[in-house]
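Just below is one structure, and these are the notes that go with it.
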Amino acid sequence: MDKISNYINGELNTPISGDYLDNTNPATGEVYSQIPDSDERDVNLAVAAAEKAFVKWSVSPAEQRAKTMMRIADLIEKNLDKLAMAESVDNGKPLALAKSVDIPRAASNFRFFATAIMQFASESHIMEQSAINYTLRNPIGVAGCISPWNLPLYLFSWKITPALATGNCVVAKPSEITPMTAYLLAELCIEAGLPPGVLNIVHGYGHKVGAAISEHPKIPIITFTGSTKTGADISQKASPLFKKLHLEMGGKNPNIIFADCNYDDMLETTLQSSFANQGQICLCGSRIFIERPLYDKFKNDFIARTKDLKVGDPLSENSNLGAVVSQPHLEKILSYMALAQKEGGTILCGGNRVKVNGRCENGWFVEPTVIENLPYDCRTNQEEIFGPVVTLMPFDSEEEVLVQANSTQYGLAATIWTENLTRAHRLANLLQCGIIWINCWMLRDLRTPFGGMKNSGLGREGGVEALRFFTEPKNVCVKL
Ligand code: NAD
């Protein structure tokens, strides 16, 4: 059975405890590899290695750092098939999705920040006749990067690449539920000649490795993506140490559909924004608001299209949805379907676990599910389910839908479908979300600020926002 290693000081190593955790394939329910059950001792080693590496990496020319990162990007692309297969087996997502989205995006993350750092500039401010101020932007030190299971290599690389490009060294913790591609990335970093200690990857539980990163006095900056609950926990530990924090957390995103929308585009994209990656994307639009004149038509067409989706073996080209990530997560999703019914909701399609025959008979599959007749403020419509479950709600006016869309604790993303652009811009301005898509979904330009408001996030990733986050501004004032 495959045993995953930590990656500390440029080497693949066993955890100090000598203990391992089982890693399961969600499509078969079988344990297929083992991952280090690391603890704070491994984190201490990683921090020491990162501190040592920082001395040189932080002052190395940006061009040199960029070149190394480009080599890693090339290697990710060269190993596309292997990485995509590993991601699909580890996470349960369709292989085709891993191959077309997750892995190419990981390579893009490396390329994007390798080139962004070559263009990064800081400000200067002149006080006529008296002084010139200029701002230095220095790397901060050892950055802690903690990432989730839903887009494993995609988000892992999204967090570490701006940190590395700006000259920081990294102690990273991938999700213990999907550790495999981060481990394979470590092998590629060695092959690419990344200097030892610049990137360290410590595998294991959040309450051990993640907590040790949050509390470590020599990690002054942390970027985290995961649930709001964990974000609060990290914040509680890190804030008394005055760490710089960036948190990307949960969502319950509204998808607002007006009767005048481009119907075919909307229907096609709404299918994606509801069920892509089994609904396990923080940006999925799980609350669908439909203007009343369109409600019945949309409902009928959407149900028909949802029923056509095939749930099955992630390795099969015919599967639109693969397995959800774990048994506890499957149970959570099913419990929300039961709750929806208890709250008076009607399940229009789906609502059940799926038994897939053959090698996947013990896997964790669930039907894409559409629910209606629920008030906007019930628990099903307020809490993050993070599965292939959406609710439909009719609305009569812009004012009404705005109140309902903004009613949750979250504020990550919203989608608006209308051909009335004045209305679209008006709503975009009033929706309490960090990301608004008008007549599209998941169109990502890596230069744009990415992140949520309210309990969905603190700070922004992407482009210059990330480069600024990972650097310390220092003003220098020169008297003229
Ligand atoms: P999670 O919070 O359980 O885990 C995320 C990471 O934090 C994992 O690596 C985990 O081991 C670690 N962790 C857990 N407990 C910790 C602790 N006490 N201290 C430090 N680290 C700890 O989240 P998840 O279940 O892996 O991911 C799903 C969640 O992530 C959903 O809420 C989803 O909305 C969110 N998410 C948000 C975004 C975004 O951009 N806003 C993107 C993807 C996922």
>> Donor-acceptor pair, distance only, cut-off 3.5 Å: does the side chain of R65 make one with the backbone of A165?
In response: yes

> Distance only, no hydrogens: is a donor on one side chain within 3.5 Å (strictly under) of an acceptor on the other, for S407 and Q382?
Replying inline: yes

>> Quick one about S227 and T230 (side-chain donor to acceptor, distance below 3.5 Å, no hydrogens or angles considered), yes or no?
In response: yes

>> Using a 6.0 Å cut-off, check whether atom OH of Y205 has over 12 heavy atoms from anything other than its own residue.
In response: no

> Yes or no on side chain to side chain contact (heavy atoms under 4.5 Å, CB included) for E187 and L12, after CA distance, side-chain angles and deciding distance?
Replying inline: CA-CA 8 Å; E187 293 184 338; L12 300 176; 4.1 Å; yes

> At what distance, to the nearest 0.5 angstrom, does CG of L153 lie from CG of D102?
Replying inline: 8.0 Å

> Does the side-chain hydrogen bond (donor to acceptor under 3.5 Å, both in side chains) test come out yes or no for S33 and D2, once each step is laid out?
Replying inline: CA-CA 5 Å; S33 67; D2 281 345; over 6 Å; no

> Any side-chain heavy-atom pair from N91 and P152 closer than 4.5 angstrom?
Replying inline: yes

> Under a 4.5 Å cut-off applied to non-hydrogen side-chain atoms, are M442 and L283 in contact?
Replying inline: yes

> Between CZ of F110 and OG of S157, what distance do you get to the nearest 0.5 Å?
Replying inline: 6.0 Å

> Quick one: does S214's side chain have a donor or acceptor within less than 3.5 Å of a partner on G210's backbone?
Replying inline: yes

>> More than 12 heavy atoms of other residues, nucleotides or ligands under 6.0 Å from NZ of K332: yes or no?
In response: yes

> Out of curiosity, N439 CG to I416 CD1, how far, rounded to the nearest 0.5 Å?
Replying inline: 8.5 Å

>> Ignoring hydrogens, what is the shortest heavy-atom contact between A66 and I117? Give both atom names and the distance.
In response: CB-CG2, 4.4 Å

> Is any NZ, NE, NH1 or NH2 atom of the basic residue among K229 and D233 found under 4.0 Å from an Asp or Glu carboxylate oxygen of the other?
Replying inline: no

> Any donor-acceptor pair under 3.5 Å linking the side chain of S58 with the backbone of P139?
Replying inline: no

> Between P314 and A323, which heavy-atom pair has the shortest distance, and what is it?
Replying inline: CG-N, 4.2 Å

>> Under the criterion side-chain hydrogen bond (donor to acceptor under 3.5 Å, both in side chains), I'd like the reasoning laid out for D22 against Q34: C-alpha separation, chi angles, the key distance, then a yes or no.
In response: CA-CA 5 Å; D22 287 340; Q34 297 214 296; 2.9 Å; yes

>> Quick check with a 6.0 Å cut-off and a 45 degree axis cone: is K244 positioned over the face of F469's six-membered ring?
In response: yes

> Quick one: does L245's side chain get under 4.5 Å of I234's, heavy atoms only?
Replying inline: yes

> Just by distance, do the side chain of N9 and the backbone of A49 share a donor-acceptor pair under 3.5 Å?
Replying inline: no

>> Hydrogens and angles aside, do N44 and H216 bring a side-chain donor and acceptor to less than 3.5 Å of each other?
In response: yes

> So, N200 side chain and V170 main chain: donor-acceptor pair closer than 3.5 Å or not?
Replying inline: yes

> Quick one: do the N255 and T415 side chains pair a donor with an acceptor below 3.5 Å?
Replying inline: no

>> When you measure from the side chain of R460 to the backbone of T448, do you find a donor-acceptor pair of N or O atoms at a distance under 3.5 Å?
In response: no

>> Is the shortest side-chain heavy-atom distance between T369 and M337 below 4.5 Å?
In response: yes

> Distance only, no hydrogens: is a donor on one side chain within 3.5 Å (strictly under) of an acceptor on the other, for T408 and K252?
Replying inline: no

> Out of N25, N23, T24, which residue meets the side chain to side chain donor-acceptor pair (under 3.5 Å) rule with D90?
Replying inline: N23

>> Test your reading of the model: is there a side-chain donor-acceptor pair from R287 to the backbone of Q404, 3.5 Å cut-off?
In response: yes

> Do Y410 and E384 have side-chain N/O donor and acceptor atoms under 3.5 Å apart?
Replying inline: no

> Do K454 and Q432 have a side chain donor and acceptor closer than 3.5 Å?
Replying inline: yes

> Taking atom CG of L339 and atom OG1 of T380, what is their separation to the nearest 0.5 Å?
Replying inline: 4.0 Å

> Got a sec, which residues hit ring-ring contact (aromatic ring centres under 6.0 Å, His included) with F113, two or more places apart in sequence or on another chain?
Replying inline: W158

> Quick one: does H203's side chain get under 4.5 Å of I201's, heavy atoms only?
Replying inline: yes

> Between the main-chain N or O of R379 and the side-chain N or O of E343, is there a donor-acceptor pair closer than 3.5 Å?
Replying inline: yes

>> Tell me if the CD atom of E63 is crowded by more than 12 foreign heavy atoms within 6.0 Å.
In response: no

> Does the side-chain hydrogen bond (donor to acceptor under 3.5 Å, both in side chains) test come out yes or no for N6 and S38, once each step is laid out?
Replying inline: CA-CA 8 Å; N6 285 334; S38 312; 2.9 Å; yes

>> Can you confirm whether the side chains of Q327 and H329 place a donor and an acceptor under 3.5 Å from each other?
In response: no

> Do S17 and R41 have side-chain heavy atoms sitting under 4.5 Å apart?
Replying inline: yes

>> Can you give me the closest heavy-atom contact between I219 and I222, atom names plus distance?
In response: CG2-CG1, 4.1 Å

> If we ignore angles and hydrogens, is there a donor and acceptor under 3.5 Å between the side chains of N150 and Q280?
Replying inline: no

> Is it the case that E87 and T181 place a side-chain donor and acceptor less than 3.5 Å from each other?
Replying inline: yes

>> So if I apply the side-chain contact (heavy atoms from CB on, under 4.5 Å) rule between F156 and each of S175, S147, P148, P179, which one comes out positive?
In response: S147

>> Is there a side chain to side chain contact (heavy atoms under 4.5 Å, CB included) between T269 and W417? Walk through the geometry before answering.
In response: CA-CA 10 Å; T269 307; W417 290 97; 3.5 Å; yes

>> salt bridge (Lys or Arg N to Asp or Glu O under 4.0 Å) for R111 and E77? Distances and angles first, verdict last.
In response: CA-CA 11 Å; R111 283 229 164 82; E77 276 170 357; 2.9 Å; yes

> For Y134, which residues count as a ring-ring contact (aromatic ring centres under 6.0 Å, His included) partner, sequence neighbours excluded?
Replying inline: none

> In terms of side-chain heavy atoms, does T225 have a donor or acceptor partner in K159 at a distance below 3.5 Å?
Replying inline: yes

> Is there a side-chain contact between I288 and M393, using heavy atoms and a 4.5 Å cut-off?
Replying inline: no

>> Quick check against the 3.5 Å criterion: does S456 have a side-chain atom that pairs as donor or acceptor with the backbone of G411?
In response: yes

> So does E461 pair up with R447, basic N to acidic O under 4.0 Å?
Replying inline: no

>> Using the rule given for side chain to side chain contact (heavy atoms under 4.5 Å, CB included), can you reason through D42 versus V209, listing the C-alpha separation, both sets of side-chain angles and the distance that settles it, and then say yes or no?
In response: CA-CA 8 Å; D42 304 280; V209 178; over 6 Å; no

> Do K173 and V202 pass the side chain to side chain contact (heavy atoms under 4.5 Å, CB included) test, and can you show the C-alpha distance, the side-chain angles, and the key distance before you say yes or no?
Replying inline: CA-CA 5 Å; K173 191 203 110 46; V202 185; 5.6 Å; no

> Ignoring hydrogens and geometry, is there a side-chain-to-backbone donor-acceptor pair from N277 to L151 under 3.5 Å?
Replying inline: no

> Could you state the interatomic distance from CG (L402) to CG (L427), rounded to the nearest 0.5 Å?
Replying inline: 6.0 Å

> Below 4.5 Å, heavy atoms only, C-beta onward: do L443 and W437 meet side chain to side chain?
Replying inline: yes

>> Any salt bridge linking E331 with R353? Criterion: basic side-chain nitrogen under 4.0 Å from a carboxylate oxygen.
In response: no

